[in-house]
Amino acid sequence: MGDLLGPDFPADIGLAVSGGGDSMAMLTLAHNWTRAWGVRLWVVTVDHRLRPESADEAAMVARECAALGWPQATLRWHWDGTGNKMDAARRGRLELIGAWRGALRHVLMAHTRDDVAETFLMRLARGSGVEGLSAMAAMRRVRPLVERATPADYDGALPPRPVAPEDAAARDGFDILRPCLDMKRAELRHYLRSLKGTWVEDPSNDDPGYDRVRMRRLLALLEDEGLGADSLAATAGRMARARQALAARARAVWHEIGHEGSDPVTGAGTGDILFDRDGFAATERDTQLRLLAAALQFISGAEYRPRAAPLGSLLDRLLGGGGGTLHGVEARVLRDRLHLFREYEAVRDLSSDPANGLWDGRWRVEAAEDAAGLTIRALGDAGWAQLPGRPAGTAFAAARPLPALWHGDRLLSCPPLGFGAARATLCPTGRPGLTLSAFLDSH
Ligand SMILES: Nc1ncnc2c1ncn2[C@@H]1O[C@H](COP(=O)(O)OP(=O)(O)OP(=O)(O)O)[C@@H](O)[C@H]1O
């Protein structure tokens, strides 16, 4: 655990505990560990309210935490009935935990080696490549989705809040740590049983309607044939290392042929990504795809990598001298460069108050004067027409999606083009100062 947290780990650590065997075992392990290290645990349980027993399960976690002496909160989730239920629950859980965690920098989750093996099989069934077959990392950064928010519907204790919204803890999101990745589910259960610990069996873990449950059953059959969770997880681990090597190669190519966030002529920060056309064309296809996928996610802030088929066809079009849009990004060939910028359609209707967090999830815009009555909207056609002159080097199409400060219909400022007195800070995927190079690292 200490290895995962690093040498200067904080005194307060979050723990996501569902009441299932894995996370109850993690709670017990962490409890014993804290004795040696003087760490305080803050436990969170999300009651998804999808099964009648879920409230009792959360209450069981609350009782166990009270007995151990750790503060616990139960956050209630409301499903709006849209999307895939399990996927929606997982996202909703992360959002609620993000709002709950306050100033906590780390939240521990009890994913196990079996989870890695099941995920590997699920991805194999979809024909995934190195990316999808890579084992989940022991640490994953979650970007700040709901800065400064407090969960609306909860019981129990909330961790300390950040002192100011500008605090790094509030700004940079938090890390999910997975200390049980090298442990097997059976080991954790054995550990709990021997300590006479309590846990609940979630009946949906036996529902063959779920892919994961079917893979768990398949894994049990494979295990009998000598192809078990250990070997699958080991391969997934090797895939993760291969993926890191490929990412390192992409980063090296990026440093040779890439240009970030700046207008080719004025140097102003536009958040666009450009590649030298010849250098890009001379790069091997895997790296081209990796760079393109990273650039699309970096610009749009999308949580997921674009799908392989549309990504491949966008790459083919670019290599053939054409362009296209994907993932909320427009890609074009511009003389000797490939130019990727935010798709105007994706931001055309976004309007926000300068005081209200990030515009388009990636721009912080500060007005020079009193911001009352001002809005941030895309420059658009109307803003372009109000610019005092043609911005040197920025094409109309790439300028339209840039953030601008408006007073009604009057354009006051478009900071990325150097027009007006407002200031803008680019925060790709919600993180100020994130570079594509660093993004490729964690990608
Ligand atoms: N409802 C929840 N409330 C709090 N944390 C949760 C919840 N569901 C999952 N988690 C966290 O995410 C981890 C992985 O979730 P997953 O759904 O894969 O759980 P699992 O493998 O069934 O584990 P468990 O037996 O602990 O429920 C859990 O071990 C736990 O740390």
Side-chain angles (χ1 to χ4, degrees), residues 1 4 13-30 41-51 53-62 64-65 70 72-79 84-101 104 106-122 135-140 142 151 153-156 159 174-181 183-193 197-207 210-213 215-216 219 229 233:
M1 192 96 84
L4 256 186
I13 292 175
L15 216 61
V17 178
S18 63
D22 301 344
S23 52
M24 288 305 283
M26 177 177 73
L27 172 63
T28 314
L29 281 167
L41 301 179
W42 295 84
V43 177
V44 63
T45 308
V46 177
D47 177 1
H48 289 293
R49 309 204 295 181
L50 296 171
R51 293 179 290 108
E53 320 78 49
S54 66
D56 290 344
E57 293 167 11
M60 181 279 284
V61 179
E64 291 296 313
C65 288
W70 300 119
Q72 185 270 358
T74 296
L75 317 177
R76 281 179 285 270
W77 184 64
H78 305 263
W79 187 35
N84 170 296
K85 188 162 72 176
M86 280 302 165
D87 207 35
R90 192 187 61 80
R91 284 162 183 271
R93 180 159 73 231
L94 267 192
E95 268 176 43
L96 283 178
I97 292 177
W100 160 84
R101 58 112 197 175
L104 297 179
H106 305 290
V107 178
L108 270 47
M109 296 200 180
H111 295 93
T112 61
R113 185 175 289 179
D114 301 71
D115 292 314
V116 172
E118 287 157 16
T119 307
F120 185 87
L121 285 178
M122 285 159 66
M136 59 180 110
M139 180 195 283
R140 180 189 148 206
V142 180
D153 186 1
Y154 72 97
D155 285 333
F174 65 101
D175 292 325
I176 290 179
L177 302 185
R178 301 178 172 122
C180 304
L181 268 191
M183 302 173 201
K184 290 184 75 172
R185 195 171 287 140
E187 283 175 54
L188 290 173
R189 302 278 153 115
H190 175 74
Y191 173 70
L192 265 188
R193 263 194 297 269
T198 319
W199 76 91
V200 288
E201 291 295 351
D202 175 351
S204 49
N205 282 341
D206 270 331
D207 180 347
Y210 295 115
D211 284 358
R212 183 169 289 280
V213 174
M215 287 305 162
R216 195 167 295 168
L219 191 56

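Counting starts at 1 for both ligands and their atoms, in listed order. Each residue takes its place number in the sequence, starting with 1.
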Quick one: nearest non-hydrogen protein atom to [atom], plus distance?
{"atom": "atom 10 (N) of ligand 1", "value": "Arg93 NE, 3.9 Å"}
{"atom": "atom 24 (P) of ligand 1", "value": "Ser18 OG, 3.5 Å"}
{"atom": "atom 1 (N) of ligand 1", "value": "Val46 O, 2.9 Å"}
{"atom": "atom 28 (C) of ligand 1", "value": "Ala110 N, 4.0 Å"}
{"atom": "atom 23 (O) of ligand 1", "value": "Asp22 OD2, 3.4 Å"}
{"atom": "atom 22 (O) of ligand 1", "value": "Asn205 ND2, 4.0 Å"}

Could an N or O of ligand 1 be found under 3.5 Å from any N or O of Thr45, whether backbone or side chain?
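No: no nitrogen or oxygen of Thr45 is under 3.5 Å from one in ligand 1.
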
Any nitrogen or oxygen of Ile97, main chain or side chain, under 3.5 Å from a nitrogen or oxygen of ligand 1?
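No, no N or O pair falls under 3.5 Å.
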
For the pair [X] (side chain) and [Y] (backbone), establish whether a donor and an acceptor sit closer than 3.5 Å, ignoring hydrogens and angles.
{"X": "Asp175", "Y": "Leu177", "answer": "no"}
{"X": "Arg178", "Y": "Leu108", "answer": "no"}
{"X": "Glu64", "Y": "Val61", "answer": "no"}

Contact bool for atom 19 (O) of ligand 1 (protein heavy atom, d < 4.0 Å):
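False for atom 19 (O) of ligand 1.
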
Using a 4.0 Å cutoff against the non-hydrogen atoms of [X], which atoms of ligand 1 qualify?
{"X": "Asp115", "answer": "21 (O)"}
{"X": "Val17", "answer": "3 (N), 4 (C), 5 (N)"}
{"X": "Met109", "answer": "12 (O), 31 (O)"}
{"X": "Gly21", "answer": "25 (O)"}
{"X": "His48", "answer": "1 (N)"}
{"X": "Val44", "answer": "4 (C)"}

SG of Cys180 to CG of Asp115: how many Å apart, nearest 0.5 Å?
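One finds 10.0 Å between SG of Cys180 and CG of Asp115.
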
Salt-bridge present (Arg185, Asp22; N to O < 4.0 Å)
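Looking at Arg185 and Asp22, the cut-off is met.
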
Salt-bridge criterion met for Arg113 and Glu118 (N-O under 4.0 Å):
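No, Arg113 and Glu118 are not salt-bridged.
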
Which option wins on minimum heavy-atom distance to atom 15 (O) of ligand 1: Arg189, Arg185, His111?
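Minimum heavy-atom distance to atom 15 (O) of ligand 1 goes to His111.
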
Closest to atom 31 (O) of ligand 1 (judged by heavy-atom distance), picking from Gly92, Cys180, Ala16:
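Looking at heavy atoms only, the winner is Ala16.
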
For the residue pair [X] and [Y], confirm or rule out a side-chain donor-acceptor distance under 3.5 Å.
{"X": "Thr74", "Y": "Thr45", "value": "no"}
{"X": "Gln72", "Y": "Trp70", "value": "no"}
{"X": "Asp207", "Y": "Ser204", "value": "no"}
{"X": "Ser18", "Y": "Arg93", "value": "no"}

Set out, in order, the CA-CA distance, both residues' side-chain angles and the distance that settles side chain to side chain contact (heavy atoms under 4.5 Å, CB included) for Leu192 and Thr28, then state yes or no.
CA-CA 8 Å; Leu192 265 188; Thr28 314; 3.7 Å; yes

